[in-house]
K.L.:
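Structure provided below as structure tokens; questions to follow.
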Amino acid sequence: MIDKNYLKVLKELGFEEIILDKSILNQKSSNQIDKIEELNKIYKEIKVCTKCDLHKSRTNPVLGEGNVNAKIMFIGEAPGEEEDKQGRPFVGRAGKLLTKCIENAGHRREEVYIANINKCRPPNNRTPTIEEQETCIPFLLRQIEIINPKVLCLLGATAYRGIFKKEAKITKERGSILEFMGKKVYITYHPAYVLRNPKEEETFCQDIKNVFKLAGE
Ligand code: SF4
């Protein structure tokens with residue numbers, strides 16, 4: 001049985017719906033509880049964080065969500081309007097496209113972990129400045145350490161810049177496999193870009209399949 005504290009921590013982390021996956025529950029261990037507690041510590045910090053100006057425009061910070069033992073961690077840019085309202089990552093149109101491609105790959109969104117470079121919504125969905133990215137990224141690096149996935153999938157140019165500290169043309173880098181913190185890193189488009197360029201949807205979905213293959217899934 002799943003314990004009440006575990007459910008409480010999940011709720012505090014922003015989960016609105018908890019899917020009871022037997023394979024995940026069977027793995028539930030003190031290690032998993034430790035991970036959730038560590039993530040919850042970060043959540044408490046970002047809730048009151050004023051380290052950059054983005055705190056002024058947030059309704060809710062968005063830590064991330066998913067399987068704390070995920071083999072794959074998707075990293076996007078920053079919360080948008082819907083994410084800011086709900087306190088959850090990738091729940092708008094772009095998130096629906098990402099979820100669709102995960103399902104097309106024969107998997108479920110609940111198997112992976114999803115987070116962003118910045119935890120607070122930039123005004124009018126502008127790209128976070130380099131300074132804002134640099135200020136926020138230590139939270140993400142802690143999440144990567146806690147979750148310890150096999151593969152990071154960077155969604156778009158801001159995720160690439162945040163991780164590798166250099167600019168990239170994603171149309172050129174897409175499909176490449178790099179390394180960071182001892183993990184394989186797969187580069188692809190941000191799903192919001194794919195929504196604006198629907199001819200890229202097939203390529204994007206294929207990339208998501210490649211990410212699962214890379215993780216041995
Ligand atoms: S974006 Fe990150 S660094 Fe900036 S206020 Fe939010 S949590 Fe703090």
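If you're wondering where the values come from, they're calculated on a predicted model, not measured in any experiment. Atom set for the values below is all heavy atoms of this structure, side chains included, hydrogens, waters and symmetry mates excluded. Both counts, for ligands and for their atoms, begin at 1 and track the order of listing.
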K.L.:
NZ of K184: more than 12 outside heavy atoms within 6.0 angstrom?
P.N.:
no
K.L.:
Is there less than 2.5 Å between the SG of C205 and that of C101?
P.N.:
yes
K.L.:
Please list the nearest protein heavy atom to atom 2 (Fe) of ligand 1 with its residue and the distance rounded to 0.1 Å.
P.N.:
C136 SG, 2.3 Å
K.L.:
Could you check whether any side-chain N or O of E103 sits under 3.5 Å from a backbone N or O of K100, counting only pairs where one atom can act as donor and the other as acceptor?
P.N.:
no
K.L.:
Does some side-chain heavy atom of N60 sit less than 4.5 Å from a side-chain heavy atom of K85?
P.N.:
no
K.L.:
Can you tell which of N118, I42, D53 gets a heavy atom nearest to atom 1 (S) of ligand 1?
P.N.:
N118
K.L.:
Are H190 and Y160 close enough that their ring centers fall under 6.0 Å?
P.N.:
no
K.L.:
Does any N, O or S atom in C52 come within less than 2.8 Å of atom 2 (Fe) of ligand 1?
P.N.:
no
K.L.:
Can you tell me which residue and heavy atom of the protein come closest to atom 8 (Fe) of ligand 1, and the distance to 0.1 Å?
P.N.:
C49 SG, 2.3 Å
K.L.:
Check whether any N, O or S atom of C120 sits under 2.8 Å from atom 6 (Fe) of ligand 1.
P.N.:
yes
